[in-house]
Each structure stands twice: as structure tokens, then as C-alpha cells.
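What follows is one structure encoded as C-alpha cells, with my remarks underneath.
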Amino acid sequence: MLYLYDQAIRDDLMKSLDSDNANPNVFITDAENYPGILAQIQDDTITYPLILIKRDDDMAIDTQLAQFTRYQFGVPASIDKENNLIYYERALPVKLSYTVRILSHNVVDTDEMARELFYKYISMYYLTIRSPYESDRKMRFGLSVDMDAGIQRESSSAEYLTNGALYQSTIRLNTEGCVSLTYTSRHLTREVMSTDIDIM
């Protein structure tokens, strides 16, 4: 379900940039392979400026938010009345990090877009995803700039693609409140208790 976090960030950025699916300026892709991938998507024409988002391969467990009962046994989350089942939700809090690359043919566009994104995420920015599993519920998570990393500008290492220099700025984003979920089902049972009371 971690891809839902990727999609939420991408969709929010597309709205911020007034982009659409027919002409997107925001892609979630492996930035090292972006020229070939994007050329195929856009019929060998790449439009700049461009924002690429890549989730880090490593996924750390957020031990400060981990709760033993919740990830070992689960808590009741939803009931399937038709099949008489109760679903227990097991949740493991995870830390996700993203690298956002801004690519442009000139320094001005790169700097301006980096500035906009930096101030957008400088304080915790909240997004929502919907669980694709049995609970079918909305969950919020936060996104903020890695202040220690700042904005890395790689103009000096410009690449030559599509007839010109390509300038790049990089921003690191960290998440708060992301979870990996799984569900186990149990049959609901009905228990009848009766007590006899003697009145003296």
C-alpha cells in the first residue's frame, strides 16, 4: 500500500502546478532513468521544467510510534456483516523519505520552483490516502522538508539533453504517520449468558 503515499504526493503536486494527466509536469520515477522513460511517455518530447519524485529504497520502522499490540495482534477495525467476520488491523509505522528533483533549462525556473516547494513543505504539510483493504478508511500523513539537507543545487554538473544544459535542484522530504497495514479475519460468535437469581 506504500504506493498510495507516492500517488498522494504526486497528485497534490500536480494540483499545485495546475498540471493534468494528459500533460503532466510531475512524475514519480527513478530519476536515474528519467530520459528514456519520459521520452516514451511523451512521444520522445520532454517538457521542462519538470519535477521528479523518487521514494528511497530503504524503509525504516518508526520505533517511537510502534505499538506491540497493534503490530503483533491487531485491533478490531471493521465488521463484514454479510459474512459474519470481524477484521483485525495490524499496523506497522514506517518512515518514508523522498527525493524531489527539479529540472529546467535555466537557473531562474529551477530556483523559483525549488523555493515554492521548500516553503510549501517547510512546516508539516498533511495529505490523505484511503486504505485499499478491508477497513476502507481515510488516513492522514504529514510531509516536511529535511531541513538538514536544505536545497542542493547541481547546476555545475549540468547534463546536455534536448539541445541544452539541464539544471537540477534537489529537495529531500520526510514523512510522519505512514503505516503499512495488514488484516486478519475472525468469525463473530454469539455467546448467550444466563443467570439464575434466587429471591428469598
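Bear in mind the structure is a predicted one, so any value in this text is a computation, not a measurement.
When every heavy atom of Asn174 is checked against every heavy atom of Ser97, the shortest pair comes out as OD1-OG, 3.0 Å. Considering every non-hydrogen atom in both Arg55 and Tyr98, the closest pair reads CB-CE2, 3.5 Å. Taking both residues in full, the closest heavy atoms of Thr175 and Leu143 are given as CG2-CD1, 3.6 Å, listed atom of the first, atom of the second, then distance. The nearest pair of heavy atoms linking Ile53 to Arg10 is CD1-CA, 4.1 Å.
With Ile9 as the partner, the side chain to side chain contact (heavy atoms under 4.5 Å, CB included) test is satisfied by one option alone out of Leu127, Ile129, Leu96: Leu127.
Under the 3.5 Å distance criterion, with hydrogens and angles disregarded, no donor-acceptor pair is assigned to the side chains of Arg101 and Ser169.
Residues Leu2 and Leu13 share a hydrophobic cluster, clusters being chains of Ile/Leu/Val/Met/Phe/Trp/Tyr side chains in contact below 4.5 Å. By the rule that hydrophobic residues join a cluster once side-chain heavy atoms approach within less than 4.5 Å of another member, Leu103 and Val108 end up as members of separate clusters.
A distance of 6.0 Å separates CG in Leu181 from CZ in Arg137, rounded to the nearest 0.5 Å. Summarising the geometry, atom NZ belonging to Lys120 is positioned 4.0 Å from atom CG belonging to Asp12; distances are rounded to the nearest 0.5 Å. Interatomic distance, CD of Gln152 versus OG1 of Thr99, reported as 8.5 Å (0.5 Å rounding). Atom-to-atom distance recorded for Glu112:CD and Ile102:CD1 is 11.0 Å, nearest 0.5 angstrom. Note that the CG atom of Asp62 and the SG atom of Cys178 stand 9.5 Å from one another [nearest 0.5 Å].
Val94 is listed as a side-chain neighbour of Ile61, based on a closest heavy-atom distance under 4.5 Å. Taking the side chain as every heavy atom from C-beta outward, Val145 and Ile151 never approach each other to under 4.5 Å. Side-chain contact between Tyr121 and Asp146 is absent, with no heavy atoms from C-beta onward closer than 4.5 Å.
A salt bridge does not link Lys95 to Asp56: none of the charged side-chain nitrogens sits closer than 4.0 Å to a carboxylate oxygen.
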Take Leu173 and Leu117 through the test side-chain contact (heavy atoms from CB on, under 4.5 Å) and record every step on the way to the result. CA-CA 10 Å; Leu173 300 176; Leu117 292 178; over 6 Å; no

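In this structure Phe118 satisfies the ring pair (Phe, Tyr, Trp, His ring centres under 6.0 Å) test with no other residue, sequence neighbours excluded. When the side-chain contact (heavy atoms from CB on, under 4.5 Å) test is applied to Met124, the partners found at least two apart in sequence or on another chain are Tyr126, Ser144, Glu176. The side-chain contact (heavy atoms from CB on, under 4.5 Å) check on Leu85 picks up Asp80, Asn83, Tyr87, Ser185, His187, with sequence neighbours excluded.
Remark: side-chain polar atoms of Tyr5 are paired, donor with acceptor, to backbone N or O of Val179 under 3.5 angstrom.
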